Amino acid sequence: MHVDSFLLLKALSQQEKINKDMPKGHRGGKQIDSINGTLPSYQKIQEEEPQKKLPVTFEDKRKANYERGNMELEKRRQALMEQQQREAERKAQKEKEEWERKQRELQEQEWKKQLELEKRLEKQRELERQREEERRKEIERREVIFKLFYSPKKVIIFTKQELERQRRLEWERIRRQELLNQKNREQEEIVRLNSKKKSLHLELEVLNGKHQQIAGRLQDVRLRKQTQKTELEVLDKQCDLEIMEIKQLQQELKELRESYNTQQLALEQLHKIKHDKLKEIEKKRLELIQKKKLEDEAARPEALYAAVNKKPTSTAYPVGEDKMLAVHFDKPGGPENLYVKEVARPHPREGEVLLKVVASALNRADLLQRQGQYSPPPGASSILGLEASGHVAELGPGCQGHWKIGDSAMALLPGGGQAQYVTVPEGLLMPIPEGLSLPQAAAVPEAWLTAFQLLHCVGGVQEGETVLIHAGTGGVGTAAILLTRLLKAVPLVTTSSKENVQMAQRLGAAAGFDYKKEDFAEEALKATQGVGVNVILDCIGGSYWEKNLHCLAADGRWVLYGLMGGADVNGPLLSKLLCKRGSLRASLLRSRDKKYKESLVKTFTEQVLPHFSPGSAVQLQPVVDQIFAMADVQKAHSRMEANKNVGKIILEMP
Ligand SMILES: NC(=O)c1ccc[n+]([C@@H]2O[C@H](COP(=O)([O-])OP(=O)(O)OC[C@H]3O[C@@H](n4cnc5c(N)ncnc54)[C@H](OP(=O)(O)O)[C@@H]3O)[C@@H](O)[C@H]2O)c1
């Protein structure tokens, strides 16, 4: 083999060997990132950002700022770590390049030494050949001399000697050659060991580098642990502070609750005192009225009531006398047609009781009947008066025993209330709630049963719904406001003056609109944020139909129960009603059958009457406008006709 190619092959095999001995990351070829001597950088696990809450209080803002600061610090720390890692990678790369350069230098030095060694060996071999040549020439020369000067025997001796000498020389040459070879091998071994030593040294350096990196990382982890510990401590402190704040707030809440309870108690006491005072005032007022009435009667010698005054006024009313006084009119017309007349006293029929009337309230139906526009239903008394309060004077046959003579009661009537006596089916009588006087009780049956029926049965008002009540300060209107509140719905009213609006609001209306000065439909829409009202209690009719439909909410109920604004409708009522998917529901209480009325009275007695008694959570009370004596019935009718009344007008019977 040629010397150069031999040296090249040897160098290559040595390189291969060195590569094998090297640590993985320092081998030739493309560097592998994950094992290049640097450690993977610490990647903080990105925590899922919690949903950001809008800061609402100072505390929330402080918390948000604190979290933002923490996040900023975390970002900076991460950037610093990434920079450190990049520097470590650069350093490792540089070290690797330095190692490779040194390795190349070592290889070159070794090649040079090998070359020199080969050259030396070649020179020695050349010298050996020259010496051999010279020996051969010397032998030839000597042979020639021997042949010329010595005998064959001598020649043989010389030749033997010569051969011996040559054999010795050959042995020495072989010995020399062996020693040379051994020396070469030893040198090679020394070179190999040196190279191994260097590679081991380099490996040691790499391991040192790694050790330093691990130590750095450990330091980093320790630092991180320390930071987290500090953060945890801060959070702990913060948590403690917040717990303390919560405890303080709880304490404040407790104190507030206690003070609220005390205030509530004081308020209840005030309410009770107010209620007692009102009762006292009402009692005094009634006494005064009674006194005035007696004085008036005493001043009229031709006393209209002479016959009546002769009768005992105790609860044991004498029955069997056939006469009584009643409000009467001979022909339809104005209030001037009214007068008090002695008429036949009615007798209770099957299931009826005779009521000695103390008071009866006036209704619009009475005005219409007087004007000849509203006939009483078949079988009903032609005497005016749809409601009355008084005492049970006689029980008819077949009475169930719910009532006994002398009981105070109030009654829903189809007519006949404005007289000293009236007969009534026992199922239409109601007990008088504690705290109500008889004149006050007379204001309840017609107006309150109407309002209850319209809201509860016809309108189907639900909790939270909005109810627009027309004629909100009338008898039915005032009752409707209070009952709407009892149903936990929202009452809005229309009425004719600012004072009336205020009065309705005192009763419980959420808002009131003066229909003479403002467009109630627009106002109702504003009050309901454009939604409209769910139910309209309408006793006006014709003049309001368009506005009613304008402010009615989708699927709203328009409950018609009176026609004070006329009965005619001009315009697209049906299409507007259809657009709103509205329903028009009409109702009349007077013409309902006995069964319906009895059921209504029963429900009302059970569900509503308890709320008239003092101490009820929602306190109900009828609104009484004015009390007139029976003799002043004309004045009473005139007042109602002029729309001057706020609440009910009461007639007291002699
Ligand atoms: N369907 C039934 O079962 C039934 C039962 C009872 C009563 N009603 C009817 O319900 C209506 C009210 O009865 P009520 O006892 O409450 O009467 P009320 O106490 O006399 O109150 C009626 C009030 O309506 C207002 N009003 C009168 N005419 C008006 C008009 N043209 N436009 C707007 N508002 C007018 C007046 O007050 P402001 O002007 O100050 O608002 C008046 O004070 C009556 O028509 C009555 O016949 C029907």
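Computed from a predicted structure; not experimentally measured.
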Do the two ring centres, one from F520 and one from H470, sit under 6.0 Å apart?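 Ring centres of H470 and F520 closer than 6.0 Å.
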Ring centroids only, cut at 6.0 angstrom: are F452 and F604 within range, meaning strictly under it?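 Yes, the ring centres sit under 6.0 Å apart.
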Between atom [atom1] of [X] and atom [atom2] of [Y], what is the distance when rounded to the nearest 0.5 Å?
{"X": "L487", "Y": "Q607", "atom1": "CG", "atom2": "CD", "value": "9.0 Å"}
{"X": "C539", "Y": "L563", "atom1": "SG", "atom2": "CG", "value": "9.5 Å"}
{"X": "S496", "Y": "K517", "atom1": "OG", "atom2": "NZ", "value": "9.5 Å"}
{"X": "E546", "Y": "N570", "atom1": "CD", "atom2": "CG", "value": "9.5 Å"}
{"X": "N645", "Y": "R639", "atom1": "CG", "atom2": "CZ", "value": "6.5 Å"}
{"X": "L573", "Y": "L549", "atom1": "CG", "atom2": "CG", "value": "5.5 Å"}

One thing to verify: whether [Y] and [X] come together as a salt bridge, which I'm taking to mean a side-chain N less than 4.0 angstrom from a carboxylate O.
{"X": "R349", "Y": "E352", "value": "yes"}
{"X": "K602", "Y": "E606", "value": "yes"}
{"X": "R62", "Y": "E59", "value": "yes"}
{"X": "E252", "Y": "R257", "value": "no"}
{"X": "E446", "Y": "R364", "value": "no"}
{"X": "D625", "Y": "K648", "value": "no"}

Keeping [X] on the side-chain end and [Y] on the backbone end, is there a donor-acceptor pair under 3.5 Å?
{"X": "T528", "Y": "A524", "value": "yes"}
{"X": "D366", "Y": "L384", "value": "no"}
{"X": "T466", "Y": "V533", "value": "no"}
{"X": "R557", "Y": "G460", "value": "yes"}
{"X": "E465", "Y": "A489", "value": "no"}
{"X": "Q369", "Y": "S382", "value": "yes"}
{"X": "Q420", "Y": "M324", "value": "no"}
{"X": "R592", "Y": "K597", "value": "no"}
{"X": "E426", "Y": "Q400", "value": "yes"}
{"X": "S616", "Y": "S613", "value": "no"}

With distance as the sole criterion, is a donor-acceptor pair present between the side chains of [X] and [Y] under 3.5 Å?
{"X": "S437", "Y": "Q440", "answer": "yes"}
{"X": "D330", "Y": "N337", "answer": "no"}
{"X": "Q453", "Y": "Y596", "answer": "yes"}
{"X": "T473", "Y": "T495", "answer": "yes"}
{"X": "D519", "Y": "H550", "answer": "no"}
{"X": "E387", "Y": "Q418", "answer": "no"}

Shortest non-hydrogen contact from [X] toward [Y]:
{"X": "A411", "Y": "L429", "answer": "CB-CD2, 3.6 Å"}
{"X": "H637", "Y": "P335", "answer": "CB-CB, 3.9 Å"}
{"X": "L355", "Y": "G390", "answer": "CD1-C, 3.9 Å"}
{"X": "P346", "Y": "T423", "answer": "CB-CG2, 3.8 Å"}
{"X": "V444", "Y": "P622", "answer": "CG2-CG, 3.9 Å"}
{"X": "A510", "Y": "V490", "answer": "CB-CG1, 3.5 Å"}

Could you please spell out the steps behind the salt bridge (Lys or Arg N to Asp or Glu O under 4.0 Å) verdict for K526 and E523? CA-CA 5 Å; K526 266 190 225 162; E523 295 302 318; 3.4 Å; yes
Step through the shown structure and confirm whether more than 12 heavy atoms of other residues, nucleotides or ligands are within 6.0 Å of CG on N261.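 More than 12 heavy atoms, drawn from other residues, nucleotides or ligands, come within 6.0 Å of this atom.
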Is the number of heavy atoms from other residues, nucleotides or ligands within 6.0 Å of NZ (K580) greater than 12?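 For K580, atom NZ is crowded (more than 12 foreign heavy atoms under 6.0 Å).
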Run the numbers on E255 and Q250 for side chain to side chain donor-acceptor pair (under 3.5 Å), then give the verdict. CA-CA 9 Å; E255 283 168 15; Q250 277 174 343; over 6 Å; no
Pairwise side-chain contact, [X] with [Y], heavy-atom cut-off 4.5 Å (strictly under):
{"X": "L386", "Y": "P414", "value": "no"}
{"X": "Q371", "Y": "P332", "value": "no"}
{"X": "D538", "Y": "V559", "value": "no"}
{"X": "L455", "Y": "L537", "value": "yes"}
{"X": "V601", "Y": "M430", "value": "yes"}

Test log, rule side-chain contact (heavy atoms from CB on, under 4.5 Å), inputs I650 and S360: CA-CA 6 Å; I650 310 291; S360 173; over 6 Å; no
Before giving the answer on ring-ring contact (aromatic ring centres under 6.0 Å, His included), spell out for F612 and W448 the whole-Å C-alpha distance, their side-chain angles and the decisive distance to 0.1 Å. CA-CA 12 Å; F612 282 92; W448 283 77; 4.8 Å; yes
Would R590 count as a cation-pi partner of Y374, with NZ or CZ less than 6.0 Å from the six-membered ring centre and within 45° of the ring normal?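 Pair R590/Y374 counts as cation-pi.
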